[in-house]
Amino acid sequence: MDRKKRLGMGFGIFMAGMLVMTFVSRVIYVSQMPRVKWSYFSAASIQNTFLSEGTLEAVNAQAVTGMEGLLVKKVCVAAGERIEAGTVLYEVDLEDLEMQLSLLEAEERVWQAQVQTEKKEAATEAARAAEDYESAAAELERKIAEEMILLEQAQEDMDTHMFRIPQEDAPDEVWIAWADERTRIDREIKERQRAIEETGQEKEKVLREAARSMEDARNVQNQVEGAYSAGFSSIGQVQEREHKIAVWKELAERGGRVAAEQEGCVLEVMIQAGTRMGEGAVMRYADAQGSLVFRTVIPQENKSMVHTGDRVHLSFPGSPEEADEEIDSIIQENGGYTVTVWLEAGVAQGRTEGVMEVVSTSEIYDFVVPKRALHYDGDMYYIYVLEEKNGILGTELCVRRLPVRLLDGNEDKAAVTDDLLESGMKVVVESDRELGNGMAVIIQ
């Protein structure tokens, strides 16, 4: 009895030791697992910002926009020359102006004729479709009416025939003839009924197709009318031509002379007599209002973030004053790009330095993660996503390495893409130790 008792106690001690060892081993296993934090993908845009220092110069310039395509007859001012409001800056060749204007007006007349033609054709097609519908409906109604008359006649023939039933003792030939006639009339009735039914079905089909054609023609008419009446010109070319005709007519009334709007000093002249003007400014002059120009040089890698006409934020060291202005020009020179920004009159007076801040906002990407969730091994970018697997602790969380392609990014976020990405994936954004593909982890 004592022996059995000792054996039982020994076995219990052994099992207790095993439980303790199992618990300790699991504690050690868990303690060695990386602790991670995760988040879902977000749909967002990426903002990139960079600063560029530059200088301010007191040039007080105003651009004079040229008349693209016109022939310059005479340049009336030179760089450095003082001018007054109303001073003639340049003249265009009046004969050339009138010829160009007549060509533009001819284009406008052709376009207007085209508009009227297309409207007329669309209206004609719509009217023709409506006529076809009415014609088809009338023709099919006529056919049905004719069949109805024939059916009524056959039914009357049947009624008359039934009154002419032979006497019971009439010869067999009489009865056979009577039955044959009844069969013939009955067949005719059924044929007329079938014809009416088929014509009705045909009517539905034909009228349905005719109605669809009529609706299509009306839609085309509405589109044509809407396009030309509600904003076709806003698409660009027509509006530009109409504006150019108005400006050139006014210029012709002034004898082809372009004058300064205010006093100042000519800074730069970019046209010559005997040449045709292109797009943009043809000269610049100071407007005598104390304006400044900001210039800075940006490197090649930042060129894609700035464009002529973009609005940028300017600050001025030592001054609380700030300004939002448009980029006037970007010129490639000396291995970089010189960006010029003309300031409004009175802005940053007395300052010689400035800082340009450019903020570029991308399109909205479907898969955006915190930048710390993105890794790079020298060959490709990748992220870790959480999955479940069977392990020592039963169902465990593990990480799977997923290669991705980087679309855009900044210091905080990264936009990625891959065919395997799904919005519901749990992306690891933080870990207390280095991760490996398939490694078991726990949530922090």
Side-chain angles (χ1 to χ4, degrees), residues 26-53 296 298-307 310-315 322 324 327 337 339 355-444:
R26 290 196 175 192
V27 170
I28 294 174
Y29 175 71
V30 170
S31 68
Q32 294 176 344
M33 294 172 65
R35 286 167 167 75
V36 301
K37 294 181 180 179
W38 63 272
S39 70
Y40 290 114
F41 288 111
S42 63
S45 57
I46 301 292
Q47 276 196 345
N48 285 292
T49 303
F50 78 89
L51 302 177
S52 183
E53 297 180 353
T296 184
I298 62 172
Q300 172 71 38
E301 56 266 27
N302 290 335
K303 170 61 179 64
S304 62
M305 296 177 62
V306 295
H307 309 85
D310 285 355
R311 293 194 69 81
V312 294
H313 184 74
L314 297 176
S315 58
E322 297 180 342
D324 291 316
I327 294 177
Y337 291 85
V339 177
V355 178
M356 179 180 72
E357 180 183 12
V358 177
V359 179
S360 175
T361 302
S362 72
E363 62 183 277
I364 295 179
Y365 298 106
D366 292 329
F367 301 103
V368 176
V369 296
K371 189 64 174 289
R372 62 183 183 275
L374 185 67
H375 308 277
Y376 185 67
D377 63 4
D379 293 323
M380 66 176 64
Y381 289 97
Y382 62 92
I383 59 174
Y384 286 108
V385 296
L386 292 177
E387 295 182 340
E388 292 185 348
K389 72 172 185 178
N390 292 324
I392 296 175
L393 302 179
T395 300
E396 299 177 348
L397 285 177
C398 70
V399 294
R400 176 163 64 97
R401 174 170 163 160
L402 188 62
V404 295
R405 181 162 56 91
L406 179 63
L407 297 177
D408 200 352
N410 55 25
E411 295 180 354
D412 300 319
K413 297 186 292 185
V416 297
T417 185
D418 185 80
D419 293 340
L420 299 179
L421 296 184
E422 298 178 0
S423 59
M425 286 181 169
K426 297 178 179 179
V427 182
V428 176
V429 297
E430 189 176 320
S431 175
D432 64 352
R433 66 193 69 182
E434 186 175 352
L435 298 175
N437 191 39
M439 183 178 292
V441 298
I442 59 176
I443 302 301
Q444 190 172 2

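Residues: numbered from 1 along the sequence shown.
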Got a second to check how far S315's OG is from M356's CE, nearest 0.5 Å? 11.0 Å
Spatial distance of atom CG (L421) from atom CG (L402) [nearest 0.5 Å]: 5.5 Å
Hits for side-chain contact (heavy atoms from CB on, under 4.5 Å) against D310, two or more places apart or cross-chain, chain-then-number order -> H307, I327
Provide the closest heavy-atom pair for K389 versus G438 in the form atom of the first, atom of the second, distance. NZ-O, 3.1 Å
Here the gap from I383 atom CD1 to R401 atom CZ, rounded to the nearest 0.5 Å, amounts to 11.5 Å
Single hit among D432, I442, V441 for side-chain contact (heavy atoms from CB on, under 4.5 Å) with V36: V441
Y384 and L435: which non-hydrogen atoms are nearest, and at how many Å? OH-O, 3.1 Å
Do M305 and I298 have side-chain heavy atoms sitting under 4.5 Å apart? no
How about F41 and D366: do any of their side-chain heavy atoms sit closer than 4.5 Å? no
Using side-chain hydrogen bond (donor to acceptor under 3.5 Å, both in side chains) as the criterion, list what pairs up with S360, not counting sequence neighbours. none
Partners of Y381 by side-chain hydrogen bond (donor to acceptor under 3.5 Å, both in side chains), sequence neighbours excluded? none
Just to verify, what does D379 make a salt bridge (charged side-chain N to carboxylate O under 4.0 Å, His left out) with, not counting sequence neighbours? none
Not counting sequence neighbours, which residues clear ring pair (Phe, Tyr, Trp, His ring centres under 6.0 Å) with Y40? List them please. W38
If I take atom NZ from residue K37 and atom OG from residue S431, how far apart are they, to the nearest 0.5 angstrom? 11.0 Å
More than 12 foreign heavy atoms under 6.0 Å from CG of L51: is that the case here? yes
Are N48 and D408 close enough that some pair of their side-chain heavy atoms sits under 4.5 Å apart? yes
Under 4.5 Å between any side-chain heavy atoms of V339 and V312, yes or no? no
Under 3.5 Å, side chain of S45 to main-chain N/O of T361, donor-acceptor pair present? no
Are any side-chain N or O atoms of R311 and backbone N or O atoms of D324, one a donor and one an acceptor, separated by less than 3.5 Å? yes
Nearest-0.5 Å distance that lies between atom CD1 in I443 and atom CE in M33: 9.5 Å
For residues 367-375, which side-chain N or O atoms pair as donor and acceptor with protein atoms under 3.5 Å away, sequence neighbours left out?
{"unit_1": "K371", "atom_1": "NZ", "unit_2": "N410", "atom_2": "O", "d": "3.0"}
{"unit_1": "R372", "atom_1": "NE", "unit_2": "V429", "atom_2": "O", "d": "3.1"}

Return the set of residues passing salt bridge (charged side-chain N to carboxylate O under 4.0 Å, His left out) with E322 (not counting sequence neighbours), or none when no residue passes. none
Could I get the full list of side-chain hydrogen bond (donor to acceptor under 3.5 Å, both in side chains) partners for E387, not counting sequence neighbours? R400
Can you find a heavy atom in the side chain of Y365 that is under 4.5 Å from one in the side chain of T417? no
Counterpart residues, side-chain hydrogen bond (donor to acceptor under 3.5 Å, both in side chains), relative to E53 (two or more places apart): none
According to salt bridge (charged side-chain N to carboxylate O under 4.0 Å, His left out), does anything in residues 434-444 pair up with another residue at least two apart or in another chain? List the pairs. none
Test: salt bridge (charged side-chain N to carboxylate O under 4.0 Å, His left out). Region: residues 409-427. Which pairs qualify, not counting sequence neighbours? none
Close side-chain approach of V399 and L386, heavy atoms under 4.5 Å: yes
Could you tell me which residues satisfy side-chain contact (heavy atoms from CB on, under 4.5 Å) with E388, sequence neighbours excluded, listed by chain and number? T395, L397
V358 versus N302: any side-chain heavy-atom pair under 4.5 Å? no
